[in-house]
S.K.: 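Provided herewith is a single structure, encoded as structure tokens, for subsequent inquiry.
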Amino acid sequence: MGNSMLAAKCHLQSPATETPSQAHGILGRIQGDYIASGLATLPTATPDASSHHEVVIDAGPAGKVRLFIEKKRVRHHRHSHYFWSPYRAEPVRPDDPT
């Protein structure tokens, strides 16, 4: 049996220019209840809904934050379920238009 060639390659570091902490911005510092309130403002995720959204929320101690959200799909046999998932967060500067 052993490992397949593809599985062995998944552990190698890719030469990315961004570190993982830079790729997600400040998303790891925002509490989940603030993210949930931002996701609640979006319409229901459906197959024909837009695949990306941006939402500006007040994240308490983090201040105003722009969440970048994408639509994802999970499948189980013949059934598909769509949901929203944030993938990046950036602080909103006072001089930025919202």
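In this text, all values refer to a predicted model and were calculated from it rather than measured experimentally.
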S.K.: For H76, is the NE2 atom crowded, meaning more than 12 foreign heavy atoms sit under 6.0 Å from it?
M.R.: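 Counting other residues, nucleotides and ligands, NE2 of H76 stays at 12 neighbours or fewer.
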S.K.: For residues P47 and K71, report the shortest heavy-atom separation together with the two atoms involved.
M.R.: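 Heavy-atom minimum between the residues: O-NZ, 3.0 Å.
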S.K.: Determine which pairs satisfy side-chain hydrogen bond (donor to acceptor under 3.5 Å, both in side chains) with at least one residue from residues 27-42, sequence neighbours left out, and list them in order.
M.R.: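 Every pair satisfying side-chain hydrogen bond (donor to acceptor under 3.5 Å, both in side chains) with a residue in residues 27-42: there are none.
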S.K.: For the CD atom of E70 and the OG atom of S51, what is their distance to the nearest 0.5 Å?
M.R.: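 Going from CD on E70 over to OG on S51, the span is 8.0 Å.
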S.K.: Identify all side-chain donor-acceptor contacts of residues 78-85 below 3.5 Å with residues at least two apart in sequence or on another chain.
M.R.:
{"unit_1": "W84", "atom_1": "NE1", "unit_2": "P43", "atom_2": "O", "d": "2.7"}

S.K.: Could you pull out all residues at least two apart from F68 that satisfy side chain to side chain contact (heavy atoms under 4.5 Å, CB included)?
M.R.: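 Once residues adjacent in sequence are excluded, the partners of F68 under the side chain to side chain contact (heavy atoms under 4.5 Å, CB included) criterion are E54, R66, Y87, R88, E90.
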S.K.: What's the shortest heavy-atom distance between G38 and I57, and which atoms?
M.R.: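 Where G38 meets I57 most closely, the heavy atoms are CA-CG2, 3.6 Å.
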S.K.: In sequence, state the C-alpha distance, the side-chain angles, and the governing distance for V65 and V55, and then conclude on side chain to side chain contact (heavy atoms under 4.5 Å, CB included).
M.R.: CA-CA 8 Å; V65 172; V55 176; over 6 Å; no
S.K.: Just how far is it from atom CD1 of I35 to atom CG of L67, taken to the nearest 0.5 Å?
M.R.: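 One finds 6.0 Å between CD1 of I35 and CG of L67.
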